[in-house]
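Quantities reported herein were computed from a predicted structural model and do not represent experimental measurements. Convention: sequence-line order gives letters A, B, ...; per-chain numbering from 1.
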Amino acid sequence: MRKTTRKAWALAAGVTSIALVATACSSSDDPGEGDETADGGNITLTVATFNEFGYTDEMFDRYEAEHPGVTIEQKVAATSNEARENLNTRLAAGSGTADIEAIEVDWLPELLQYPDYFEDLSSPEVEGRWLDWKVQQATTADGKLIGYGTDIGPEGIAYRADLFQAAGLPADREAVAELFGGESATWEKFFEVGKTYTSATGKPFFDSAAAIYQGMVNQEEAAYEDPDSGDVIALENPRVKEMYEQVTTAAVGDNLSAHFEQWQPDWQNAFQNDGFAVMLAPGWMLGVIAGNAAGVTGWDLADVFPGGAGNWGGSFLTVPSQGANVEAAKELAAWLTAPEQQIEAFQNKGTFPSQVEALESDEIKSATNEFFNNAPVGEILANRAQGVVVPFKGPQYFTVQDAINNAITQVDVNGADAAAEWATFEGVVQGLG
Amino acid sequence: MATSTTQSRAGRRLPDSPRTPRRVGFSQKLSRWDVKVSPYLYISPFFILFGLTGLFPLAYTAYVSVYDWHLLGGQGDFVGFENFAFVFQEPNFWKGLRNTFSIFLLSTIPQLMVAIVLAALLDANLRAKTFWRMGVLVPYVIAPVAVSLIFGKIFADQSGLANSILGTFGVEPIRWHGSVLPSHMAVATMVNFRWTGYNTLILLAAMQAVPRELYEAAVIDGATRLRQFFSITIPQIRPTLIFVVITSTIGGLQIFDEPRLFDQIGQGGPGRQWMTVTMYIYELGFGNQKSFGRAAAVAWVLFLIILAVGLLNFWLTQRIASDATPQARKSRRKKVKR
């Protein structure tokens with residue numbers, strides 16, 4: 001009897017230790033920069049971004065040439081979720097962040113609660129560089145600026161002219177803008193055009209219901225949180241449920257959606273197979289479309305957006321305080337977000353600048369995009385930036401958005417029941433805090 | 001060992017006792033310490049290491065789990081078992097538990113069965129033995145990220161290889177990401193691909209150590225290959241089998257890489273179709289909630305579950321394998337007598 005208990009204990013200890021060793025093994029470590037010395041020596045600056053920022057190796061080479069001793073390494077995460085988790089983990093660990101970390105406006109508010117992790121970037125040199133609301137988003141209550149604005153995301157409608165034509169719809173970009181209602185375009189009208197297209201061709205109209213919802217919610221002044229109290233009002237706000245129902249009905253009820261989840265392999269492949277005819281296209285999406293649809297002709301950009309202007313995304317460059325070369329990193333971040341470089345990034349990947357000077361520049365105004373049938377993308381996006389409502393996004397914004405995004409994806413992609421998924425979403429929101 | 005030490009000390013003290021010594025020489029004191037302390041010192045490295053890497057994290061996780069602890073904000077108020085209570089009423093926790101066990105069963109059972117059979121085949125007299133033996137280990141060498149990328153393409157819902165192959169047989173496309181069970185099967189396939197060879201080699205090593213005379217005797221007795229496998233091989237490799245089962249249990253219940261990399265977002269699907277408990281811990285700690293307290297609570301629950309399942313498996317394997325053991329032992333004794 002006694003022997004068995006002792007044996008059991010030994011076994012328990014063994015199992016425990018193996019379990020713990022196995023756990024310890026799963027942590028991944030990042031190779032640190034080898035040649036880091038103090039000021040004056042050779043330094044390596046890492047720049048961590050996600051999706052498309054439009055910064056090219058050629059730009060970094062130029063900077064390196066102007067700043068002897070500086071080497072720049074770029075790390076690109078596939079999605080903003082991934083970049084966010086990386087950053088949070090490393091901030092908490094106290095080491096391992098890149099010298100410059102890009103953050104997206106949706107998860108900026110939660111980091112603004114802990115400004116101590118970041119350098120104060122405000123300086124007379126960069127004052128007045130950005131649109132006021134862009135600066136406001138990255139400024140704490142006591143006036144600390146934690147991020148330099150990179151791009152903003154005014155949205156137009158990217159569409160396949162050839163598919164429109166085949167469906168008997170106008171293909172010319174002015175006519176398409178009129179088709180969607182021109183200045184008075186609404187989401188109802190958008191879905192109506194979709195029904196016309198789908199009934200004519202039997203093919204899906206847009207790529208993903210979650211993407212359409214994203215376009216809608218970015219027009220709400222305060223969708224999920226009360227700007228005054230900071231309370232989560234996602235369930236009390238009738239607009240949230242209205243939009244949810246509108247999108248899921250259009251996507252599944254009217255079958256306008258191609259039922260994809262953005263960024264997944266199926267979605268990426270669909271660009272090559274005429275999977276859908278329209279996409280909501282903020283500036284940075286143009287580069288993504290051109291990349292996924294390489295070799296496909298017919299994409300164009302219409303100067304119109306349902307429900308007034310909309311801004312989807314937009315990012316900032318921050319300098320985490322834990323970095324070894326904070327001053328050099330600040331300098332590089334300021335350089336990257338200066339009007340000239342942002343104009344270049346726009347020309348590379350369509351990331352639309354947030355700098356006042358850049359927005360007024362001829363390069364932007366006259367910019368065209370060959371892939372989009374030489375559309376005057378600079379002019380169109382500048383028009384689309386007029387009257388953008390800046391939604392209030394508090395610390396819980398990302399979480400709520402993530403939850404409703406999952407619910408819509410479940411309904412749209414996986415054929416789940418809309419009411420049941422709404423209940424799941426309610427559960428998540430109620431469990432916050 | 002302990003008894004012999006006391007005896008010798010008592011034996012030494014006996015003649016001294018009437019004198020009641022006032023002063024004890026330092027060297028004598030030292031040697032007494034030596035007898036008392038040294039054995040513990042000799043075995044201490046293991047315990048120190050175990051304490052540092054095993055016990056301390058375990059205890060510290062328990063400590064964190066009763067606090068309100070934010071990833072960026074740090075330690076907060078003491079909340080008692082609130083974190084546990086929260087976690088138990090979260091539907092995602094139960095989904096994670098369901099997924100973990102489902103993926104665990106779908107991967108571990110076929111994996112171990114295939115591994116045993118493969119090992120038995122490799123144990124036979126083959127041409128180019130080393131080539132085949134190394135071959136089974138190749139998948140294990142491939143980085144999990146690469147495995148996930150490949151299998152992500154194979155199991156893409158609409159444009160994947162798996163569905164187009166099934167399509168040629170007239171099977172409706174399977175929603176590898178959308179539905180629960182297919183997603184588990186896809187993830188389990190990734191796990192099996194990676195770990196079967198690894199387990200095969202361990203079992204093969206054990207089979208190599210089985211005395212060949214046993215097989216010779218069995219052949220003389222007229223036992224078939226199958227009979228040899230069940231009556232000699234399996235009982236003889238029992239300790240290794242137990243080891244493999246327990247490590248697979250631990251690995252299977254902590255599964256993280258493959259399901260996390262099964263899609264780009266890494267949350268285990270929009271409806272958490274394939275989110276495992278470990279992924280849930282990660283999500284609580286580093287995802288939207290950033291609550292280390294809750295993550296630690298789940299980590300502890302998972303630890304207890306693994307312990308329980310590990311013990312159950314130990315008991316089961318012993319039971320299964322022990323049916324044949326007495327015979328095997330008997331046969332060996334017989335052989336010795338001969």
Side-chain angles (χ1 to χ4, degrees), chain A residues 8 11-24 26 78-79 81-82 84-86 88-89 91-92 110-111 113-114 117 210 259-266 268-270 273 275 396 398-400 402-403 405-410 412-416 421 424 427-428 431-433, chain B residues 46 49-50 53-55 57-58 70-74 86 89-92 149 152-153 155-160 175 177-179 243 246-247 249-251 253-254 256-257 263-267 269-273 278 282-283 285-290 292 299 302-303 306-307 309-311 314:
Chain A
L11 178 74
V15 172
T16 317
S17 56
I18 294 167
L20 291 158
V21 169
T23 324
S26 60
T79 63
N81 275 50
E82 191 187 322
R84 171 171 169 262
E85 283 172 19
N86 268 336
N88 279 325
T89 312
L91 284 178
E110 58 186 17
L111 294 175
Q113 295 178 297
Y114 306 97
Y117 284 109
H259 310 300
F260 290 122
E261 195 175 348
Q262 286 198 321
W263 317 112
Q264 298 301 321
D266 278 335
Q268 284 162 347
N269 288 335
N273 312 329
Q396 302 285 13
F398 193 93
T399 311
V400 179
D402 195 40
N405 195 46
N406 279 335
I408 294 173
T409 304
Q410 273 292 77
D412 180 32
V413 182
N414 298 330
E421 289 304 317
T424 309
V428 174
L432 286 177
Chain B
F46 167 73
L49 214 65
F50 175 69
T53 61
L55 222 49
L58 194 65
H70 190 270
L71 169 67
L72 298 175
F86 171 86
Q89 46 171 292
E90 268 288 274
N92 275 353
L149 271 177
K153 293 268 180 212
F155 290 114
D157 289 76
Q158 300 185 17
S159 52
R175 299 207 142 273
H177 286 78
S179 318
F243 169 78
I246 287 178
T247 46
T249 306
I250 294 161
L253 293 179
Q254 291 185 335
F256 181 78
D257 295 7
D263 78 349
Q264 296 272 318
I265 295 161
Q267 286 180 330
R272 301 295 186 271
Q273 290 94 330
T278 332
Y282 185 79
E283 190 184 318
F286 301 101
N288 290 330
Q289 302 202 5
K290 297 195 188 60
F292 268 19
L302 179 63
F303 165 69
I306 291 177
L307 205 64
V309 177
L311 286 170
F314 178 71

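- In this structure the side chain of Ile265(B) never reaches within 4.5 angstrom of the side chain of Gln262(A), judged on heavy atoms.
- Expressed to the nearest 0.5 Å, how far CD of Glu283(B) lies from CG of Asp402(A) amounts to 7.5 Å.
- Only the side chain of Thr79(A) comes within contact range of chain B, judged by heavy atoms closer than 4.5 Å.
- Only the side chain of Gln273(B) comes within contact range of chain A, judged by heavy atoms closer than 4.5 Å.
- Rounding to the nearest 0.5 angstrom, the gap separating the OH atom in Tyr114(A) from the NZ atom in Lys290(B) is 8.0 Å.
- Ranked by heavy-atom pairs shorter than 4.5 Å toward chain A, the options Pro91(B), Gly178(B), Gly152(B) are led by Gly178(B).
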For this session: List the steps and the verdict of side-chain contact (heavy atoms from CB on, under 4.5 Å) for Asn406(A) and Arg272(B).
Result: CA-CA 9 Å; Asn406(A) 279 335; Arg272(B) 301 295 186 271; 3.3 Å; yes
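- Within the 4.5 angstrom heavy-atom criterion, no atom of Ile408(A) approaches chain B.
- For Asn88(A), the parts lying near chain B are the backbone and the side chain together; criterion is any non-hydrogen pair under 4.5 Å.
- Minimum heavy-atom separation, Ala92(A) to Leu72(B): N-CD2, 4.0 Å.
- The two residues Asn414(A) and Pro270(B) make their nearest non-hydrogen contact at ND2-CG, 3.7 Å.
- Here the closest non-hydrogen pair linking Gly271(B) and Gln410(A) is CA-NE2, 3.3 Å.
- Here the side chains of His177(B) and Val413(A) are not in contact, with every heavy-atom distance at 4.5 Å or above.
- Residue Phe260(A) comes nearest to Gln158(B) through the heavy atom pair CE2-OE1, 3.5 Å, listed as atom of the first residue, atom of the second, then distance.
- Between the Asp266(A) side chain and the Asp157(B) main chain, a donor and an acceptor come within less than 3.5 Å of each other.
- Gln264(B) CD to Asn81(A) CG: the interatomic distance, rounded to the nearest 0.5 Å, is 10.5 Å.
- In this structure, the portion of Glu261(A) lying under 4.5 Å from any heavy atom of chain B is its side chain and not its backbone.
- For Phe286(B) against Glu85(A), the heavy-atom pair with the smallest separation is O-CG, 3.8 Å.
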